[in-house]
2 protein chains.
Amino acid sequence: MDDHSDQTRKPRADAVRNRERVLEAAKAVFSAGGPEASLEAVAKRAGVGIGTLYRHFPTREDLFEAVYRREVEQLSELAEQLKNSKDPVDALRRWLRSGVEFVATKKGMMAALALAVQSGSELHVFSFDRLTKAIGSLLDRAVSAGELRPDISPEDLLRAFFGMCYIHDQPRWQSTALRLLDVFVDGLRVQPAGKAETGTSKARAARGAKPAMKRKR
Amino acid sequence: MDDHSDQTRKPRADAVRNRERVLEAAKAVFSAGGPEASLEAVAKRAGVGIGTLYRHFPTREDLFEAVYRREVEQLSELAEQLKNSKDPVDALRRWLRSGVEFVATKKGMMAALALAVQSGSELHVFSFDRLTKAIGSLLDRAVSAGELRPDISPEDLLRAFFGMCYIHDQPRWQSTALRLLDVFVDGLRVQPAGKAETGTSKARAARGAKPAMKRKR
DNA sequence: GAAGATACGGAGGCACCCTCCGTTTAACAA
DNA sequence: TTGTTAAACGGAGGGTGCCTCCGTATCTTC
């Protein structure tokens, strides 16, 4: 990176410190107040001037991105670990479940993320991308094993995940999200006789079995 | 104040007119600019003072609710019609598809609705409720016919629907949403025997195993 | 018409956004 | 150390949107 001329001044200590402070404050403020939270409140909590905040993070999205970076990292790492488990579908399901749990502890932040993802900002480039990769590795494994249908991309799955989680109005939202994700994964399975004709589906006459009701866990 | 009677005074003509104007303006403004749109812009477009707007609709949510009421009504009616179709699952699928299409024409409004639903405001009472009912009638029919699993409530399904639709960042979001909903409905089907390892899974076992990795960068 | 009731509009106070710039301070060289 | 200077600091200030309040205008009714 440094090219001609060696001179790279050491970054100023106060700048480094303040940046860190702002990040920490932002994490707390966004977690509590959601994405609409006042940036001035963040600055105040961090004990810096509003100008300082804006210098470090010119836009609201920039701040989001920085804050979420590590959070996303965690989720991403989890996927890495799950890659070693036996059952690919189960691994995927587990990752999704962890994602829900994760989201649960960061109320406001999730909304912020969803919002940022939607607005197609730069945050997309890192976070969304990163998660796509994480989820992709799990998905691919399951698909390669012939357990899941191959026509759903990691991006699709991630979107579905966000969608399911985006709904947290009620106190019970978590179990709802878990249930919905389970259904989704079920739908993702390669089906014996089924689908193939999405729209016109004639409904396989005999589906002998009764309500599955197997999910839970 | 006297009087004979309980006859209520006829509502003032200008009030009625203005209310209508505001609604119309709001519909346009929200559709274009999303839920964050300036209420002052709405008032201006409607040709009334900001005070008038607030008198008619004390809160932003109130305005949303009024605007969406008719939209929701349409979707609700569609469900009514579909109730007569032959295949229950297909009917449900079709309603969901129409929902996506519907959403497509109201960009900003959808975000607004999702937001409102989430905030647990009064809009919930009508819109969400209404749609739940609509979707519920379709869902029940399919469940009664033994085609779909019985442990997913109309509310769940509606949430899933919103979730899938909430993602419209890319121009291709529609097809994505349709695909995801299809998967979801598939997952909703009563499954013969859990995952039943039918031999058919071999199908994509081969699958080029080179799926993603298209990382940007 | 006249009398009230009702609705109207927009000024005003507040909060937040973001920019701009004079002041302060840390890093480095002498 | 001390001096130089680039970098960082903070917060005032101009802009916008939210919502309330209330004097004025308009409509309904008698």
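A, B, ... follow the sequence lines: proteins, then strands. Residue 1 opens every chain. This is a predicted model, so every value here is computed, not measured. Below, all heavy atoms of this structure are taken into account, side chains as well, without hydrogens, waters or symmetry copies.
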Tell me which donor-acceptor pairs under 3.5 Å the side chains of residues 133-145 of chain B have, and how far apart each pair is, sequence neighbours excluded?
unit_1   : atom_1 : unit_2   : atom_2 : d
B:Ser137 : OG     : B:Ala134 : O      : 2.8
B:Arg141 : NE     : B:Lys83  : O      : 3.4
B:Arg141 : NH1    : B:Lys83  : O      : 3.4
B:Arg141 : NH1    : B:Ser85  : O      : 3.2
B:Arg141 : NH2    : B:Ser85  : O      : 3.0
B:Ser144 : OG     : B:Asp140 : O      : 2.9

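- Applying the side chain to side chain donor-acceptor pair (under 3.5 Å) test to A:Asn18 and every residue at least two apart in sequence or in another chain returns nothing.
- B:Ala15 is linked by a side-chain contact (heavy atoms from CB on, under 4.5 Å) to B:Arg12, B:His56, counting only residues two or more places apart in sequence or in another chain.
- Between the CZ atom of A:Arg17 and the C1' atom of C:dT25 there is a distance of 11 Å, given to the nearest Å.
- Rounded to whole angstrom, the span from the NZ atom of B:Lys44 across to the P atom of D:dC18 amounts to 12 Å.
- OP1 or OP2 of C:dC8 sits under 4.0 Å from a side-chain N or O of B:His56.
- Scored by the side chain to side chain donor-acceptor pair (under 3.5 Å) test, A:Ser98 finds no partners at all (sequence neighbours excluded).
- Here the side chains of A:Leu92 and A:Leu157 are in contact, with some heavy-atom distance below 4.5 Å.
- In this structure, A:Arg12 atom CZ and D:dG10 atom C1' are separated by 13 Å, rounded to whole Å.
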Any chance you could list the contact pattern along nucleotides 9-18 of chain C? Use B for base contacts, S for sugar-phosphate-only contacts and - for none, protein heavy atoms under 4.0 Å, 5' to 3'. BBB----BBB
Pairs of donor and acceptor atoms involving the side chains of residues 42-55 of chain B, under 3.5 Å and at least two apart or interchain, shall be tabulated with distances.
none

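- Scored by the side chain to side chain donor-acceptor pair (under 3.5 Å) test, B:Ser153 finds B:Glu155, B:Asp156 as partners (sequence neighbours excluded).
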Do any N or O atoms of the protein come closer than 3.5 Å to N or O atoms of nucleotides 2-5 of chain D, and which pairs are they?
none

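- At whole-Å resolution of the value, CG in B:Asp14 and P in C:dA5 are 17 Å apart.
- Between A:Lys10 atom NZ and D:dA8 atom P there is a gap of 14 Å when expressed in whole angstrom units.
- Qualifying side chain to side chain donor-acceptor pair (under 3.5 Å) partners for B:Thr59, counting only residues two or more places apart in sequence or in other chains: B:Asp62.
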